[in-house]
Number of protein chains: 2
Amino acid sequence: MKLIASARMQAVPSSDNALRLEDFLPYRLSVLANLVSGSLARVYARRFDLTVPEWRVLAVLGRYPGISAGEVAERAAMDKVTVSRAVARLIARGRLRRGTDAEDRRRSALRMTAEGRTVYQRIVPLARAYEAELLADFSAAERTSLDRLIHRLTGEAARLREPKAPAQAADD
Amino acid sequence: MKLIASARMQAVPSSDNALRLEDFLPYRLSVLANLVSGSLARVYARRFDLTVPEWRVLAVLGRYPGISAGEVAERAAMDKVTVSRAVARLIARGRLRRGTDAEDRRRSALRMTAEGRTVYQRIVPLARAYEAELLADFSAAERTSLDRLIHRLTGEAARLREPKAPAQAADD
DNA sequence: GGAAATTAGTTTCATATGAAACTAATTGCA
DNA sequence: TGCAATTAGTTTCATATGAAACTAATTTCC
């Protein structure tokens with residue numbers, strides 16, 4: 001691969017008006033998350049013919065068997081359309097079955113089949129191993145620190161997403 | 001919005017075989033990055049009619065005017081197809097112009113137009129303000145810590161993606 | 001009871017994505 | 001030189017995404 005920072009290319013001095021993308025937190029988080037998701041997906045995607053949304057549905061149902069599609073969507077922070085499609089595909093492959101909630105027949109009650117559980121139980125150790133490798137060089141204190149920083153950032157980002165008070169009339 | 005953890009729903013005890021998605025680092029990073037990207041994009045997407053890839057192209061060209069599309073892709077960690085399309089759209093809207101590299105006529109030499117620069121210079125302060133809000137509650141020590149943790153994680157994830165790539169000092 | 005409003009989930013539609021095939025220009029090397 | 005291999009960038013194609021419209025079941029409220 002070619003190196004990109006050759007001597008002839010000179011960067012604009014990062015003054016007030018030039019932003020260093022490589023130092024910009026939203027960009028860095030995006031790159032990191034994509035790298036991690038991508039490399040983790042390599043572990044299971046082909047081997048188990050599973051997409052990321054499908055894996056997430058299984059992961060949630062592994063902890064909360066019998067919940068509805070909407071609850072899966074909330075737990076996994078996924079769109080309901082994405083969940084609907086992942087569930088449909090998992091059912092088509094015999095990895096999930098859909099019961100109907102006795103009290104509310106609009107709701108589904110999703111459970112893994114024996115086959116789905118097998119897949120799930122084979123992936124979980126791989127996922128844990130991946131995470132362990134990712135954090136192999138981090139001390140306990142660093143892990144705690146990382147945990148708290150992510151937690152706080154997530155809270156902040158959620159807060160910033162919801163506009164607080166409409167300061168101006170909506171023009172957009 | 002409805003609460004999801006009602007009394008009747010009991011989680012499988014998080015033993016060896018059930019993975020807690022909400023504690024799983026790849027999942028948490030993905031949720032965080034999506035939240036941040038989404039809330040930041042709200043700041044500029046509609047107001048400037050700009051997609052995330054387009055904003056990134058501008059951000060890179062703001063620092064490295066005159067580089068080629070391929071160099072933009074490397075700098076922004078974007079796919080070359082995505083860059084190609086973002087560049088085409090930016091040119092169509094008069095925000096970029098494409099010169100040809102004198103030495104290698106396959107290469108483009110991308111530069112913002114005055115109009116592009118105006119957009120860029122209006123977004124940069126907004127982007128900085130967003131980042132500042134996100135980090136408002138973080139001390140200098142915490143920011144340093146966050147910076148280093150992200151840096152190391154990114155390096156680890158890159159290493160895990162390429163199983164046998166030699167350790168390389170990428171400056172990002 | 002029953003019409004209107006609400007909710008769970010699916011389908012449609014328009015757009016975004018990236019791998020692979022492709023075009024055009026350049027470089028390697030006989 | 002000239003032709004094969006390489007490289008920059010675009011287009012094609014197959015798939016992924018999510019907003020909005022839709023269907024079906026339920027709840028609200030008169």
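Because only heavy atoms are used, hydrogens play no part in the values below, and waters and symmetry mates are left out as well, while side chains stay in. So that the names make sense, note that chain A is the first sequence line, chain B the second, and so on, each numbered from 1.
Contacts with DNA chain D (heavy atom under 4.0 Å) in residues 80-91 of chain A: A:V81, A:T82, A:R85, listed by number.
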Listing time: all N or O pairs from protein to nucleotides 23-28 of chain C that are below 3.5 Å?
residue	atom	partner	partner atom	Å
C:dT26	OP1	B:R105	N	2.9

### Query
Are A:E131 and A:R128 close enough, and set up right, to give a salt bridge (Lys or Arg N to Asp or Glu O under 4.0 Å), and what steps lead you there?
CA-CA 5 Å; A:E131 187 184 37; A:R128 287 219 170 90; 6.0 Å; no
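Judged by a 6.0 Å distance limit and a 45° cone about the ring axis, B:R122 is not positioned over the six-membered ring of B:F48. For the pair B:R56 and A:Y27, the cation does not sit on the ring face, since its NZ or CZ is not both under 6.0 Å from the ring centre and inside 45° of the axis.
For the pair B:D79 CG and D:dC13 C1', the interatomic distance rounds to 15 Å; values are reported in whole Å. Look at CZ on A:R98: it is 15 Å from P on C:dA8, rounded to the nearest Å. Residue B:L50 contributes atom CG, which lies 16 Å from atom C1' of C:dT15 at whole-angstrom precision. One can place CD of A:E54 at 14 Å from C1' of D:dT17, the figure rounded to the nearest angstrom.
Heavy-atom minimum distance, A:L149 versus B:S145: CD1-OG, 3.9 Å.
A salt bridge does not link B:E54 with B:R93: every distance from a Lys NZ or Arg NE/NH1/NH2 to an Asp or Glu carboxylate oxygen is 4.0 Å or more. A salt bridge links A:R89 to A:D49: one of the charged nitrogens lies within less than 4.0 Å of a carboxylate oxygen.
Proximity of a side-chain donor or acceptor of A:S39 to a complementary backbone N or O of A:L35 within less than 3.5 Å is detected.
Residue-environment remark: CZ (A:R148) stays at or below the threshold of 12 foreign heavy atoms within 6.0 Å.
Taking side-chain N and O atoms only, B:S108 has no distance below 4.0 Å to OP1 or OP2 of D:dA8.
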